[in-house]
Amino acid sequence: MNFDFEALRTNGIKINYLYVCERKLWLFDRGVQMESNSDKVILGKLLGEYSYPREETKEVLIDNLIKIDIVAEQEIREVKYSDRLSYAHKMQLLYYLYYLKKLGIEKKGVINYPKMRKKETVELTPEAEREIEMALIKIKEVLNMEKPPSVIKKPYCTKCAYYEFCFG
Ligand code: SF4
């Protein structure tokens, strides 16, 4: 497959949203950004602040596209509030690993759920790299749509910042 990373690279949250809901991805891309003040985002930041006080580097922003919570010597870490959307979290972190690899940096990834005292380790396998590339192609397809993808009800819609927009 002839894959053009430069043309398709995007920010980490869009990878996450692709796996949560394509409609959410489209709305977010069009500037309808309603989640920045949500309590959970703030709580997630607080948990990140207070649970790992000895880590050296936090909130590393690369190319204005990916923002890594914690960068340690062997690994990068993301801090999440709950594991309800754990697959989306995992794909977001794999994308960060993929992105770093393109920059010549190879690390492992860890997702921390401090509130649940749980962590998950992720590794960038060749299969995961292909999945990330397919996800980037899919994101472009979704964002090229003139109208948002249809509402498809999911168990977590009531917790989504766009709930009123979709169901109001
Ligand atoms: S409310 Fe449901 S359908 Fe609407 S954007 Fe959120 S997750 Fe998608």
Side-chain angles (χ1 to χ4, degrees), residues 3-5 7-49 51 59-70 76-99 109-122 124 127-168:
F3 182 77
D4 187 351
F5 177 62
L8 291 170
R9 65 189 181 144
T10 188
N11 53 350
I13 196 72
K14 288 184 185 171
I15 293 275
N16 185 308
Y17 285 178
L18 175 73
Y19 289 93
V20 172
C21 171
E22 292 181 11
R23 180 176 168 89
K24 182 170 185 164
L25 167 66
W26 191 97
L27 292 170
F28 175 81
D29 179 68
R30 294 305 197 273
V32 190
Q33 297 186 19
M34 301 167 82
E35 283 212 316
S36 57
N37 293 322
S38 94
D39 289 346
K40 284 187 182 171
V41 171
I42 292 166
L43 181 57
K45 282 194 196 314
L46 285 174
L47 288 169
E49 281 289 314
S51 301
E59 298 245 318
V60 178
L61 182 66
I62 298 173
D63 295 341
N64 231 8
L65 285 177
I66 64 170
K67 191 164 79 178
I68 301 170
D69 285 349
I70 298 162
I76 60 172
R77 294 187 200 164
E78 285 293 292
V79 181
K80 299 292 184 189
Y81 172 77
S82 93
D83 65 353
R84 196 166 41 98
L85 299 168
S86 59
Y87 195 70
H89 297 158
K90 181 180 165 188
M91 293 313 297
Q92 185 177 353
L93 186 52
L94 281 170
Y95 177 58
Y96 292 171
L97 295 175
Y98 179 95
Y99 201 111
V110 175
I111 307 171
N112 282 109
Y113 298 99
K115 195 165 172 277
M116 308 172 72
R117 299 185 185 282
K118 181 180 157 184
K119 73 174 186 178
E120 184 184 357
T121 303
V122 301
L124 187 68
E127 295 74 37
E129 288 189 43
R130 296 296 83 73
E131 186 167 356
I132 291 296
E133 289 170 356
M134 297 308 289
L136 290 171
I137 291 167
K138 182 68 184 172
I139 287 171
K140 189 172 168 65
E141 277 172 25
V142 171
L143 300 187
N144 279 344
M145 294 168 73
E146 283 183 19
K147 292 183 186 166
S150 314
V151 174
I152 298 172
K153 186 142 178 48
K154 301 164 188 68
Y156 40 83
C157 281
T158 53
K159 298 236 169 26
C160 175
Y162 298 113
Y163 181 73
E164 285 300 319
F165 188 85
C166 294
F167 296 95

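We count ligands from 1, going down the list as the structure has it; atoms in each ligand are counted the same way. Since this is a predicted model, take the numbers as computed values, not measurements.
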Quick one: does [X]'s side chain get under 4.5 Å of [Y]'s, heavy atoms only?
X: Leu27; Y: Tyr17; answer: no
X: Cys21; Y: Tyr162; answer: no
X: Leu93; Y: Glu120; answer: no

Atom 8 (Fe) of ligand 1 to nearest N/O/S of Cys166 below 2.8 Å: no

[atom]: which protein heavy atom is closest, and how many Å away?
atom: atom 8 (Fe) of ligand 1; result: Cys21 SG, 2.3 Å
atom: atom 6 (Fe) of ligand 1; result: Cys160 SG, 2.4 Å
atom: atom 2 (Fe) of ligand 1; result: Cys157 SG, 2.3 Å

_Parallel, tilted or perpendicular: which one describes the rings of Tyr113 and His89, with boundaries at 30° and 60°?_
tilted

Could Lys90 and Tyr19 be counted as a cation-pi pair, given that NZ or CZ must be under 6.0 Å from the ring centre and within 45° of the axis?
-> no

For Lys24, the ligand 1 atoms with a heavy-atom partner under 4.0 Å come out as 5 (S)

